[in-house]
Amino acid sequence: MSSYRPRYYTPREVSVHNRPRDLWVSFLGRVYDLSPLAAANQGDILMKPILEAAGKDISHWFNPKTKDYYTPQGRFVHIPPPLPRSDWANDFGRPWWKDPLYEVGILSAKTRHIRIINTLTSQEQTLEVCAEESMWEILRRYLPYNAHAASYTWKYEGVNLDMDKNLHQNHIPDEDEEFYQLSMDADAYTPAILLYFNDDLTEF
């Protein structure tokens, strides 16, 4: 199995973290958990734009080259006032958008739907996965449906999948754009990965 790397998240996964005590945002391709920031600044009017953006992408708040901020929704936490003020504390250290402690992973640039069919039980699940993820990472997404997923050989069209590679590298085509141009429903042609049971019960 490949070594650890940051986890990929789908926009849908980010969107469910949309409350003050569970507040995620994404920007410039990264995902951030700002729940501690919300707790530390509870009641501060400068949290309002961030609370309103919970679960959303806020890349338009930042210059992608310089990572400098804009304020399209008004001033927010750690943004200095336009004029010097005695009541503004600047002792917070790094501004939150430059603090790696808030970063939890990478926002997927492209998500895909795949069907996973257990040939032993005939159970089938459709998963939304990140195109960048290796098959091991997709296997982890599938574990809630089958704790013994690592005890199966994963195949596509009869060929064993390389679990260290992603869907594209395993020659599982992404035809969404083609279906869109043909006005066809891509979901009706979701690729199917077949799982064949081995003789041990491996648990992650």
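Because the structure is a prediction, the values reported are computed rather than measured.
- Across L23 and S35, no two heavy atoms sit closer than the pair N-OG, 2.9 Å.
- For the pair I172/E157, no side-chain contact is recorded, criterion being any heavy-atom separation below 4.5 Å from C-beta on.
- Of all the heavy atoms in Y9 and C130, the pair that sits closest is C-SG, 3.8 Å.
- Aromatic ring orientation, H78 versus F92: parallel (interplanar angle below 30°, classes split at 30° and 60°).
- The backbone N or O of N166 lies less than 3.5 Å from a partner atom in the side chain of N170, making a donor-acceptor pair.
- Here the straight-line distance linking atom CD of E133 with atom OG1 of T10 works out to 8.5 Å at 0.5 Å rounding.
- For S108 (side chain) and K110 (main-chain N/O), a donor-acceptor pair under 3.5 Å exists by modelled atom type.
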Item to complete: For side chain to side chain contact (heavy atoms under 4.5 Å, CB included), just list the numbers for Q169 and D164, CA-CA rounded to whole Å, side-chain angles, deciding distance to a tenth of an Å, and then say yes or no.
Response: CA-CA 9 Å; Q169 291 165 336; D164 290 318; over 6 Å; no
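- With respect to the salt-bridge test (charged N to carboxylate O, under 4.0 angstrom), the residues E52 and K48 qualify.
- Residues I58 and V14 are members of separate hydrophobic clusters, defined by side-chain heavy-atom contacts under 4.5 angstrom among Ile, Leu, Val, Met, Phe, Trp and Tyr.
- Criterion: ILVMFWY side-chain heavy atoms under 4.5 Å apart, direct or through other members. Under it, L143 and M135 are part of a common hydrophobic cluster.
- Around NZ of K165, the count of heavy atoms belonging to other residues, nucleotides or ligands within 6.0 Å does not exceed 12.
- The distance from atom CD1 of I79 to atom CH2 of W88, rounded to the nearest 0.5 Å, is 8.5 Å.
- For residues 18-46, the salt bridge (charged side-chain N to carboxylate O under 4.0 Å, His left out) pairs, not counting sequence neighbours, are R19-D22, R30-E103.
- Taken from OG1 in T111 to CG in L127, the straight-line distance is 12.0 Å, to the nearest 0.5 Å.
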Item to complete: Would you please test D57 and S26 for side chain to side chain donor-acceptor pair (under 3.5 Å) and show each step?
Response: CA-CA 5 Å; D57 187 81; S26 61; 2.7 Å; yes
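- Taking CG of L139 as the reference point, atom CD1 of I116 lies at 7.5 Å (rounded to 0.5 Å).
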Fill in: Test log, rule side chain to side chain contact (heavy atoms under 4.5 Å, CB included), inputs I138 and I193
CA-CA 11 Å; I138 291 172; I193 293 171; 5.6 Å; no
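- For H113 (side chain) and T190 (main-chain N/O), no donor-acceptor pair under 3.5 Å exists by modelled atom type.
- The CD1 atom of I117 sits 10.0 Å away from atom CD of Q125, with the distance rounded to the nearest 0.5 Å.
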Item to complete: Let me see the working for N118 and Y142 under side chain to side chain contact (heavy atoms under 4.5 Å, CB included), right down to the final yes or no.
Response: CA-CA 11 Å; N118 184 332; Y142 177 66; 4.1 Å; yes
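- Taking a cutoff of 4.0 Å between a charged side-chain nitrogen and a carboxylate oxygen, R5 and E132 do not qualify as a salt bridge.
- L51 and V25 end up in the same hydrophobic cluster when Ile, Leu, Val, Met, Phe, Trp and Tyr side chains are linked at under 4.5 Å.
- Classification of the W97-F62 ring pair by plane angle, with boundaries at 30° and 60°, yields tilted.
- Taken together through direct or relayed side-chain contacts under 4.5 Å among Ile, Leu, Val, Met, Phe, Trp and Tyr, I106 and Y102 form parts of separate hydrophobic clusters.
- Between R75 and P82, the shortest heavy-atom contact is CD-CD, 4.5 Å.
- In summary, the aromatic rings of Y152 and F197 are positioned with their centroids under 6.0 Å apart.
- Using modelled atom types, no side-chain atom of W154 and backbone atom of W136 make a donor-acceptor pair closer than 3.5 Å.
- Judged by distance alone, the side chains of S151 and N198 never bring a donor and an acceptor atom under 3.5 Å apart.
- Heavy atoms of other residues, nucleotides or ligands lying less than 6.0 angstrom from CZ of R115 number more than 12.
- R112 places a side-chain N or O within 3.5 Å of a backbone atom of P173 that can act as its donor or acceptor partner.
- Between F27 and W96, the angle of the ring planes goes over 60°, which puts this pair in the perpendicular group of the 30/60° scheme.
- Considering all non-hydrogen atoms of both residues, W61 and P49 come closest at CH2-O, 3.6 Å.
- Rounded to the nearest 0.5 angstrom, L194 CG and T119 OG1 are separated by 6.0 Å.
- In this structure, Y145 is a member of the same hydrophobic cluster as I114, with clusters built from ILVMFWY side-chain heavy atoms closer than 4.5 Å.
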Item to complete: Determine, step by step, whether L167 and D174 satisfy the side chain to side chain contact (heavy atoms under 4.5 Å, CB included) criterion, reporting the C-alpha distance in whole Å, the side-chain angles of both residues, the deciding distance to 0.1 Å, and the verdict.
Response: CA-CA 8 Å; L167 295 170; D174 180 2; over 6 Å; no
